[in-house]
Amino acid sequence: QQQVKQSPQSLIVQKGGISIINCAYENTAFDYFPWYQQFPGKGPALLIAIRPDVSEKKEGRFTISFNKSAKQFSLHIMDSQPGDSATYFCAACFGNEKLTFGTGTRLTIIP
Amino acid sequence: GAVVSQHPSWVICKSGTSVKIECRSLDFQATTMFWYRQFPKQSLMLMATSNEGSKATYEQGVEKDKFLINHASLTLSTLTVTSAHPEDSSFYICSAPLDRRNYEQYFGPGTRLTVT
């Protein structure tokens with residue numbers, strides 16, 4: 001199975017709060033899990049990525065949590081800002097092959 | 001991060017004509033590039049994998065005779081939409097992995113195609 005399931009479809013968070021987006025996968029061969037941020041009319045931008053040999057990776061306000069046994073991974077955005085309002089996609093791939101994308105989460109940060 | 005460019009950024013064409021979209025890796029060489037299309041408020045759908053020096057690999061359901069892909073050099077892949085129809089109107093995006101060891105993939109800014 002190549003599917004990557006992403007939730008929620010949309011998310012509204014107050015400024016300064018924590019935004020959490022979840023993804024689940026089925027293919028245990030996947031070994032690379034990136035998150036992309038996309039603004040309207042733009043291409044996706046690589047935000048942060050993780051390999052299955054670690055359970056967490058943090059870069060600034062962005063953290064990926066990875067649970068290999070549950071086949072789930074999540075993106076946490078700390079101190080969410082209005083500029084974080086965008087669509088976020090999780091993805092997964094095996095080796096340097098094609099990415100399988102989640103369905104996307106539209107994040108809105110309100111003042 | 002690495003830079004991938006696309007040209008044009010937007011194009012309007014008449015039904016029945018062909019449109020070529022270019023994807024370039026500006027600061028690295030890419031033996032493989034990927035082409036996606038994205039409809040409004042939807043996820044990215046992989047269309048094909050472009051391989052330098054060989055034929056592209058198309059995903060199931062993608063018409064290879066309609067979406068012609070050429071990967072003529074290590075920095076350039078082109079997607080030609082032939083005999084375009086209004087239903088081909090979409091956002092086309094390319095991506096390229098940085099290198100064989102590094103799994104990071106970088107996306108172009110996308111090309112908005114409108115077929116009238």
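Naming convention: chains lettered A, B, ... in sequence-line order (proteins, then strands); numbering from 1 in each chain. Heavy-atom basis, side chains included; hydrogens, waters and symmetry copies ignored. Keep in mind the model is a prediction, meaning the values are calculated, not measured.
Taking the charged nitrogens against the carboxylate oxygens, A/Lys58 and A/Glu56 have no contact shorter than 4.0 Å, which rules out a salt bridge.
There is no contact between A/Pro34 and chain B, counting heavy-atom distances below 4.5 Å. Heavy-atom distances place no part of A/Gln6 under 4.5 Å from chain B, backbone and side chain included.
The shortest heavy-atom contact between B/Val3 and B/Phe28 is O-CE2, 3.7 Å. In plain terms, the two heavy atoms of A/Gln38 and B/Phe91 that are nearest each other are NE2-CE2, 4.1 Å.
With contacts defined as side-chain heavy-atom distances shorter than 4.5 Å, the pair A/Trp35/A/Gln37 does not qualify.
The CD1 atom of A/Ile20 lies 12.0 Å from the OG1 atom of A/Thr105; values are rounded to the nearest 0.5 Å.
Side-chain polar atoms of A/Asn67 and A/Ser69 form a donor-acceptor pair below 3.5 angstrom. Between the side chains of B/Ser95 and B/Gln105, at least one donor-acceptor pair of N or O atoms lies under 3.5 Å.
Counting heavy-atom pairs under 4.5 Å between each of A/Ala49, A/Gly104, A/Pro44, A/Ala91 and chain B puts A/Pro44 at the top. No other option in B/Gln38, B/Gln42, B/Met45 has as many heavy-atom pairs under 4.5 Å with chain A as B/Gln38.
Near-neighbour residues of residues 52-60 of chain B relative to chain A, defined by a heavy atom under 4.5 Å from a heavy atom of that chain, comprise B/Glu59.
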Walk me through whether A/Asp79 and A/Lys15 qualify under salt bridge (Lys or Arg N to Asp or Glu O under 4.0 Å).
CA-CA 7 Å; A/Asp79 187 27; A/Lys15 179 182 175 183; over 6 Å; no
